[in-house]
Amino acid sequence: MKIIDVFGEMPILETNNLILRKIRKDDVDDFYEYSSNPEVTKYLSYIHTKKEDAEEYISKKIEQYSHGTCMIWGIENKKDKKYIGACGFTHWDIENNFAEIAYTLSQKYWGQGFASEIMEKIIEFGFNKMMLNRIEALCFKDNEKSYKLMEKFNMKLEGVFFEKYLLKGMYQDMKMYSLLRKNYNK
């Protein structure tokens with residue numbers, strides 16, 4: 001089963017300050033601006049050193065939307081209409097009712113509460129619209145900003161996967177967090 005089979009068109013979500021929507025071709029300049037920043041991509045598998053890399057990434061996401069296999073939203077700041085990041089579910093196991101959450105945000109927008117807005121909306125959507133029983137997230141062991149955000153939303157540390165991912169030439173330990181429907185307080 002594909003995302004498109006469940007929702008038809010991928011829904012647009014809104015928070016007080018943000019619109020979560022499909023990533024578009026015209027997002028490429030904003031995307032490249034933050035995806036070429038080593039501080040933003042420190043814990044990502046990519047860093048776009050050329051604008052063409054960012055264009056290719058966005059083209060792949062658009063193709064995935066057309067096939068119903070992408071559950072990643074672009075994040076648009078309502079105030080300046082700028083594309084400032086991406087969020088959503090990188091893996092959705094429909095049969096077992098769980099999904100893995102992921103997010104990234106332009107450094108210019110750190111420390112303004114946007115990550116919390118995003119997390120709250122995605123978790124709400126996951127439990128109330130996708131009918132998930134479990135939402136999980138992985139983060140690099142030393143990515144304090146990410147795991148503090150997960151803990152803020154009552155996600156519980158389940159353990160550490162040692163040397164789970166090869167990132168930029170080094171094996172990295174990953175923390176696994178989860179939130180179960182029965183522990184979700186909206």
Side-chain angles (χ1 to χ4, degrees), residues 2-3 10 12-13 15 17-92 99-119 121-122 135-150 155 160-177:
K2 295 179 180 179
I3 294 156
M10 189 168 159
I12 295 171
L13 308 178
T15 70
N17 298 296
L18 307 168
I19 297 172
L20 308 183
R21 48 129 174 110
K22 286 183 179 180
I23 298 168
R24 304 183 305 239
K25 283 188 185 249
D26 64 348
D27 294 325
V28 73
D29 290 332
D30 293 336
F31 177 62
Y32 178 65
E33 181 181 319
Y34 80 77
S35 68
S36 61
N37 179 337
E39 193 62 31
V40 172
T41 60
K42 181 177 181 179
Y43 299 108
L44 299 176
S45 60
Y46 63 82
I47 181 166
H48 295 132
T49 56
K50 301 181 301 224
K51 188 173 177 182
E52 294 77 25
D53 296 335
E55 290 169 344
E56 183 179 326
Y57 181 90
I58 286 179
S59 291
K60 284 182 184 176
K61 289 295 171 219
I62 291 169
E63 183 178 338
Q64 289 171 343
Y65 290 137
S66 70
H67 294 206
T69 59
C70 185
M71 196 69 180
I72 300 294
W73 287 276
I75 304 165
E76 181 180 308
N77 184 356
K78 287 181 180 179
K79 188 175 182 177
D80 62 13
K81 305 294 184 211
K82 197 164 172 73
Y83 173 86
I84 65 169
C87 63
F89 295 99
T90 58
H91 175 76
W92 180 14
E100 183 181 334
I101 199 169
Y103 42 84
T104 187
L105 194 60
S106 171
Q107 189 174 17
K108 291 180 179 180
Y109 297 87
W110 291 0
Q112 298 178 41
F114 292 152
S116 292
E117 272 188 55
I118 294 161
M119 191 75 146
K121 183 55 86 173
I122 294 175
I135 295 174
E136 59 188 35
L138 286 169
C139 75
F140 291 92
K141 189 176 172 184
D142 63 343
N143 188 349
E144 184 176 2
K145 287 180 183 176
S146 189
Y147 69 74
K148 291 287 186 189
L149 180 64
M150 290 183 242
M155 295 185 87
V160 177
F161 295 104
F162 298 104
E163 298 186 4
K164 181 166 177 70
Y165 287 115
L166 181 63
L167 178 70
K168 299 172 182 135
M170 295 186 62
Y171 288 101
Q172 302 291 325
D173 298 340
M174 303 295 290
K175 289 182 167 187
M176 169 63 84
Y177 283 81

Do the non-hydrogen side-chain atoms of [X] and [Y] ever get within less than 4.5 Å of each other?
{"X": "Ile19", "Y": "Asn77", "value": "no"}
{"X": "Leu20", "Y": "Cys87", "value": "yes"}
{"X": "Tyr83", "Y": "Ile75", "value": "no"}
{"X": "Leu138", "Y": "Lys164", "value": "yes"}
{"X": "Phe161", "Y": "Asp173", "value": "no"}
{"X": "Glu117", "Y": "Lys121", "value": "no"}
{"X": "Phe140", "Y": "Met174", "value": "yes"}
{"X": "Cys139", "Y": "Met150", "value": "yes"}

Can you find a side-chain donor-acceptor pair between Tyr109 and Asp80 that sits under 3.5 Å?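 A pair is found: one side chain offers a donor N or O, the other an acceptor, under 3.5 Å apart.
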Quiz question: by atom type and distance under 3.5 Å, do the side chains of Ser146 and Tyr103 form a donor-acceptor pair?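 Yes, Tyr103 and Ser146 have a side-chain donor paired with an acceptor closer than 3.5 Å.
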Please find the pair of heavy atoms, one from [X] and one from [Y], that lie closest to each other, and give the distance.
{"X": "Ile135", "Y": "Phe89", "answer": "CG2-CE2, 4.3 Å"}
{"X": "Gly88", "Y": "Ile122", "answer": "N-CD1, 3.7 Å"}
{"X": "Leu44", "Y": "Lys168", "answer": "O-NZ, 3.1 Å"}

Ion pair [X]/[Y], N-O distance below 4.0 Å:
{"X": "Lys141", "Y": "Glu163", "answer": "no"}
{"X": "Glu76", "Y": "Arg21", "answer": "yes"}
{"X": "Lys61", "Y": "Asp27", "answer": "no"}
{"X": "Glu55", "Y": "Lys25", "answer": "no"}

Report the distance from atom [atom1] of [X] to atom [atom2] of [Y], rounding to the nearest 0.5 Å.
{"X": "Lys145", "Y": "Lys42", "atom1": "NZ", "atom2": "NZ", "answer": "9.0 Å"}
{"X": "Ile23", "Y": "Ser59", "atom1": "CD1", "atom2": "OG", "answer": "11.0 Å"}
{"X": "Ile84", "Y": "Thr104", "atom1": "CD1", "atom2": "OG1", "answer": "10.5 Å"}
{"X": "Ile58", "Y": "Glu63", "atom1": "CD1", "atom2": "CD", "answer": "14.0 Å"}
{"X": "Gln112", "Y": "Leu105", "atom1": "CD", "atom2": "CG", "answer": "8.5 Å"}
{"X": "Lys148", "Y": "Met155", "atom1": "NZ", "atom2": "CE", "answer": "15.5 Å"}

Does a sphere of radius 6.0 Å around [atom1] in [X] hold more than 12 heavy atoms from other residues, nucleotides or ligands, not counting ones at 6.0 Å or beyond?
{"X": "Lys60", "atom1": "NZ", "answer": "no"}
{"X": "Lys108", "atom1": "NZ", "answer": "no"}
{"X": "Ile12", "atom1": "CD1", "answer": "no"}

Aromatic contact between Phe31 and Tyr57, with the criterion being ring centroids under 6.0 Å apart: yes or no?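 Here the rings of Tyr57 and Phe31 have centres that are less than 6.0 Å from each other.
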Tell me whether Lys51 forms a cation-pi arrangement with Tyr32, defined as NZ or CZ under 6.0 Å from the six-membered ring centre and within 45 degrees of its axis.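 So Lys51 doesn't make the cation-pi contact.
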Taking the inter-plane angle between the rings of Tyr147 and Tyr177 on a 0 to 90° scale, is it parallel (under 30°), tilted (30 to 60°) or perpendicular (over 60°)?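 Parallel: the ring planes of Tyr147 and Tyr177 meet at under 30°.
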